[in-house]
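Structure, as structure tokens:
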Amino acid sequence: MIKQISAVCAALYLVAGAALAQSPPVRAPDAAAGSDWVAYRDAYRAMILLEKYGKPKQFLQHHYRVAPRDKATALDGVRLTINSKSMHLNLVLDALGRTAFPLSKAAYDDNAEISINRKAGLFEFGVWLSIVTRSDGVYEVADLRTACDQLLAYLRDINSRWGGAKKCVGVQFAYAQGEAAPDVKWRQAEHAPMALPVKDGPAYPGDAVNNFKVVALSFAPLPAGAQVLSRSMPLAITPLFE
């Protein structure tokens with residue numbers, strides 16, 4: 001049975017100079033657990049880990065993210081702000097609580113703080129990884145396998161906890177709940193496309209909030225040369241490990 005690991009998707013948070021890959025049910029490190037702010041320098045160091053990574057990573061992307069700790073906590077109106085002596089910058093969050101993180105020398109030198117306009121402890125902060133989405137909605141299964149392998153290799157590189165026991169078994173496509181039902185299919189040359197089942201679940205495996213439409217794709221039964229077709233762009237594509 002596929003074990004869905006949230007770390008993939010998932011928060012890589014820098015604490016005392018060490019990168020920690022999280023897996024369920026572990027949530028954000030204690031450094032952010034009881035606070036409504038985090039140090040910009042910690043977030044900066046965590047964000048540049050992937051930038052400095054020298055192995056193949058063309059299918060990977062990372063975002064700084066705020067994730068609710070409880071399914072009853074909403075992201076509506078949530079705002080992150082970078083505050084320092086020289087700057088005050090609001091960070092725009094997407095539907096998953098992600099933002100494009102600005103790498104600012106001034107904010108780093110000023111020891112800026114990243115604050116959230118919500119009660120302390122309701123959210124976790126961190127760097128979350130996913131697979132790059134395509135605007136044309138056509139994904140080669142071979143590329144998805146490679147993307148999953150790249151992400152696992154990265155996690156192993158920065159944290160020995162990931163070791164050699166886990167392997168890539170598939171990927172998950174996540175879509176917003178309020179939109180039309182996702183139309184995701186797989187096909188092989190000269191054969192009609194076959195629809196993949198849709199269910200409710202978390203956008204990132206291990207999230208507390210599970211009100212998204214998700215489509216899981218297992219690599220095992222798919223023949224060589226297969227493709228996945230997604231009519232709409234997913235919010236996130238995340239690896240599945242076991």
Side-chain angles (χ1 to χ4, degrees), residues 2-12 19 21-24 46-47 49-65 67 94-101 126-159 162 166-176 179 182-187 196-199 201-207 209-210 212-222 224-242:
I2 292 175
K3 182 180 180 181
Q4 298 182 334
I5 305 296
S6 67
V8 232
C9 323
L12 301 176
Q22 300 175 2
S23 57
M47 285 296 296
L49 285 176
L50 184 61
E51 306 294 336
K52 292 183 174 181
Y53 182 64
K55 297 177 183 178
K57 56 186 178 184
Q58 73 271 26
F59 293 115
L60 306 184
Q61 64 181 358
H62 64 335
H63 298 86
Y64 199 74
R65 186 179 182 223
D94 68 8
L96 299 180
R98 303 177 304 185
T99 187
F101 187 84
V127 179
W128 293 62
L129 299 164
S130 60
I131 295 170
V132 173
T133 57
R134 292 180 57 91
S135 59
D136 63 5
V138 180
Y139 300 86
E140 301 292 335
V141 171
D143 288 345
L144 293 173
R145 287 178 182 268
T146 299
C148 187
D149 288 337
Q150 286 181 358
L151 207 152
L152 182 55
Y154 174 69
L155 292 175
R156 287 172 174 165
D157 189 83
I158 66 169
N159 195 318
W162 280 83
K166 296 179 178 65
K167 63 179 181 180
C168 293
V169 294
V171 293
Q172 174 182 280
F173 293 73
Y175 302 84
E179 298 177 0
D183 182 6
V184 186
K185 301 175 181 177
W186 75 270
R187 73 178 179 190
L196 292 168
V198 180
K199 65 178 183 179
Y204 286 86
D207 274 2
V209 178
N210 60 2
F212 294 87
K213 295 293 185 183
V214 298
V215 177
L217 173 77
S218 175
F219 294 145
L222 299 182
Q227 293 179 320
V228 176
L229 311 177
S230 176
R231 179 169 294 180
S232 56
M233 186 177 291
L235 295 173
I237 305 175
T238 57
L240 300 175
F241 297 153
E242 69 175 16

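Partners of Asp149 according to the side chain to side chain donor-acceptor pair (under 3.5 Å) rule, which considers only residues two or more places apart in sequence or in another chain, do not exist here. Residues forming a salt bridge (Lys or Arg N to Asp or Glu O under 4.0 Å) with Arg231 (at least two apart in sequence, or on another chain): Asp183. Residues satisfying the ring-ring contact (aromatic ring centres under 6.0 Å, His included) criterion with Phe101, sequence neighbours excluded, are Tyr40, Tyr64. Looking at residues two or more places apart in sequence or on another chain, you find no salt bridge (Lys or Arg N to Asp or Glu O under 4.0 Å) involving Lys57. For the side chain to side chain contact (heavy atoms under 4.5 Å, CB included) test, residues two or more places apart in sequence or in another chain that qualify with His63 are Gln61, Arg98. For Phe173, the ring-ring contact (aromatic ring centres under 6.0 Å, His included) test picks out Tyr139, with sequence neighbours left out. Residues forming a side chain to side chain donor-acceptor pair (under 3.5 Å) with Thr99 (at least two apart in sequence, or on another chain): none. Lys55 is linked by a salt bridge (Lys or Arg N to Asp or Glu O under 4.0 Å) to Asp157, counting only residues two or more places apart in sequence or in another chain. Under the side chain to side chain contact (heavy atoms under 4.5 Å, CB included) criterion, Ala153 pairs with Tyr53, sequence neighbours left out.
A salt bridge links Glu242 to Lys167: one of the charged nitrogens lies within less than 4.0 Å of a carboxylate oxygen. Salt-bridge check for Arg65 with Asp207: passed, with a basic side-chain N closer than 4.0 Å to an acidic carboxylate O.
Closest of all the heavy-atom pairs between Ser230 and Tyr175 is OG-OH, 2.6 Å. Residues Leu144 and Leu217 share a closest heavy-atom pair of CD1-CD2, 3.9 Å.
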Please test Trp186 against Val141 for side-chain contact (heavy atoms from CB on, under 4.5 Å), starting from the C-alpha separation and ending with a verdict. CA-CA 9 Å; Trp186 75 270; Val141 171; 5.8 Å; no
CA sep, side-chain torsions, deciding dist, call: Gln150, Gln58, side-chain contact (heavy atoms from CB on, under 4.5 Å): CA-CA 9 Å; Gln150 286 181 358; Gln58 73 271 26; 2.7 Å; yes
Test Thr238 against Val171 for side-chain contact (heavy atoms from CB on, under 4.5 Å), laying out the working first. CA-CA 6 Å; Thr238 57; Val171 293; over 6 Å; no
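Listed by first and then second residue, the salt bridge (Lys or Arg N to Asp or Glu O under 4.0 Å) pairs involving residues 132-147 are Arg134-Asp136 (not counting sequence neighbours).
Within the 3.5 Å criterion, the main-chain N or O of Val214 finds no donor-acceptor partner in the side chain of Gln172.
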